[in-house]
Number of protein chains: 2
Amino acid sequence: MRATDVPAIRALQLFCDMSEHRFDALIRGAYVQVFPPGVELIREGDATDFLHILIDGSVELFAEWNGRETVMSTVRPVSTFILAATMRDARYLMSARTLAKSRIVLVPSTDVRHAFDADSVFARAVVAELATCYRSVIRYTKDLKLRSSVERLANYILRLHSRSDGASVFELPMEKRKLASLLGMTPENLSRAIKTLQPYGVEIDGAQVTLVNLPDLVKFSKPNTLIDGPDT
Amino acid sequence: MRATDVPAIRALQLFCDMSEHRFDALIRGAYVQVFPPGVELIREGDATDFLHILIDGSVELFAEWNGRETVMSTVRPVSTFILAATMRDARYLMSARTLAKSRIVLVPSTDVRHAFDADSVFARAVVAELATCYRSVIRYTKDLKLRSSVERLANYILRLHSRSDGASVFELPMEKRKLASLLGMTPENLSRAIKTLQPYGVEIDGAQVTLVNLPDLVKFSKPNTLIDGPDT
DNA sequence: CTCACAGATTGATAAATGTCAATTGACCAG
DNA sequence: CTGGTCAATTGACATTTATCAATCTGTGAG
């Protein structure tokens, strides 16, 4: 593990309040691996063995049924994924695949459960993290059920806009076909949805998004804290 | 609170392993209320004040956006709801409304968080419960994203079938328009989807479902443990 | 017992979304 | 450079799903 990895992990909400020696004990059993793009890290249905922490790169969580595949979410560094399966000691409900070259820390699930039992500060952090994850899936599902595909795209763009601190020019963080799947539509439909938003000042060239008429886009999108965050 | 209420609550996964005196302390601050059908118990966006436990009756969790409304899930007795918001001390993401006359126990959120901090057995149960909730929303979202409306209905019927211990005749647990919304379609479409399943031996008369050709229905539905449960 | 009402169904039609095929465009290996 | 590959786009069309309007039906109040 690199010298800079540990502080980055330590800074995560999940670990930041842990006592020094507990954290050290937990991280001691962990190890780092670097994966090229396109590697399937986790296969849905498999038994849980490691809590994963993405240090650098990009990972998608996806699910399959009957020959169909859909992106459920993407993981950005630095963050953990599949904590719920780890804590329940249950099978993975989603698969995970690297989208870019990625550095990933693997913490044995048994160590995590052990730390949870032994350290009440960590226990509280686990609950906070799980509750946050739960709430973000609820938001995602509300987005899917209550909005049309164009509305989902519009609000997604506004979320990206906030995430880049209100800059009017920013980048899409993934390929358009992945984004389409995440937003619950086909790539063809995403292309059309982008065109539909042109009258609201949305210009997308490659991965670069430019917003030239934010008020109109907001009026069209009707963003809502209880769907689009932040989580309060 | 009735004499029979406490044992029923005590039997829940969330409370069953708690020590006697911790449980008593938690339940002492709680109180019961009976609501007629159609009462809005929780309004999305409000601050969390109570953990709710449905003792008897029926409750739906729903969400709204831009004048649209959708059923997110239904709660059957005996179970808790909105644990995540309670633990995060955050605003509700969903509203709740009684579908039938319902007896509900309200436990002050601060008491729950207190018990979590003081009792590691309860803490473990909270994590197990949260992880289970998280996983069931993931399943629900997979169902929505990977399946067509007829496929969702078919698999829903099979889940009901398992829930009634494999009986070939059983009842729909809610009004068809609520079911339609839960399954992500309009009532009109649900009617048509039911007809579409007739060739697979699905007969629905009012709320009564009769399955006369289970093998064909299963072949059509392609149920999957990682979507339809059970959670392993 | 009967009427009124809300939910359920049906048919006709519209809108949203997906599929297929062809083309364009960007990027990387050689 | 340049050819090959894969993603993105576009157009034509099919399918799914929603909407609207018109019954039908079961249930509870009076």
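Letters go in sequence order (proteins before strands), and every chain restarts at 1.
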Undergrad: Roughly how many Å is it from CG in B/L172 to P in C/dG7, rounded to a whole number?
TA: 16 Å

Undergrad: In whole Å, I'd like the distance from the CE atom of B/M174 to the P atom of C/dG7.
TA: 15 Å

Undergrad: Quick one: does any side-chain atom of A/K176 pair with a main-chain N or O of A/G206 as donor and acceptor, under 3.5 Å?
TA: yes

Undergrad: Just how far, in rounded Å, is C1' of C/dA8 from CG of B/L183?
TA: 16 Å

Undergrad: Nearest 0.5 Å please: distance from the CD atom of B/E64 over to the CD1 atom of A/I227.
TA: 10.5 Å

Undergrad: Under 3.5 Å, side chain of B/T141 to main-chain N/O of B/R139, donor-acceptor pair present?
TA: no

Undergrad: Dump every N/O contact between nucleotides 15-19 of chain C and the protein below 3.5 Å, one line per pair.
TA:
unit_1	atom_1	unit_2	atom_2	d
C/dT17	OP1	A/S149	N	3.3
C/dT17	OP2	A/S149	OG	2.7
C/dG18	OP2	A/T186	N	3.3
C/dG18	OP2	A/N189	ND2	3.1
C/dG18	N7	A/N189	ND2	3.4
C/dT19	O4	A/R192	NH1	3.3

Undergrad: Need one value for B/K178: base, sugar-phosphate or nothing, where a base atom within 4.0 Å counts as base even if backbone is also close, heavy atoms only.
TA: nothing

Undergrad: Rounded to whole angstrom units, what separation is found between the NZ atom of A/K176 and the P atom of C/dT24?
TA: 18 Å

Undergrad: Any side-chain donor-acceptor pair under 3.5 Å between A/Q198 and A/E203?
TA: no

Undergrad: Before we go on, tell me: are the rings of B/F81 and B/Y92 under 6.0 Å apart, centre to centre?
TA: no

Undergrad: I need the NZ-P distance between A/K195 and D/dT9, as an integer number of Å.
TA: 9 Å

Undergrad: In whole angstrom, give the distance that lies between atom CG of B/L153 and atom C1' of D/dT17.
TA: 14 Å

Undergrad: Between A/E175 (CD) and D/dT5 (P), how many Å, whole number?
TA: 18 Å

Undergrad: Measure the distance from CD1 on B/I204 to P on C/dT10 and round it to the nearest whole Å.
TA: 12 Å

Undergrad: Is it the case that the side chains of B/K145 and B/Y140 hold a donor-acceptor pair, with the cut-off being a distance below 3.5 Å and no angle test?
TA: no

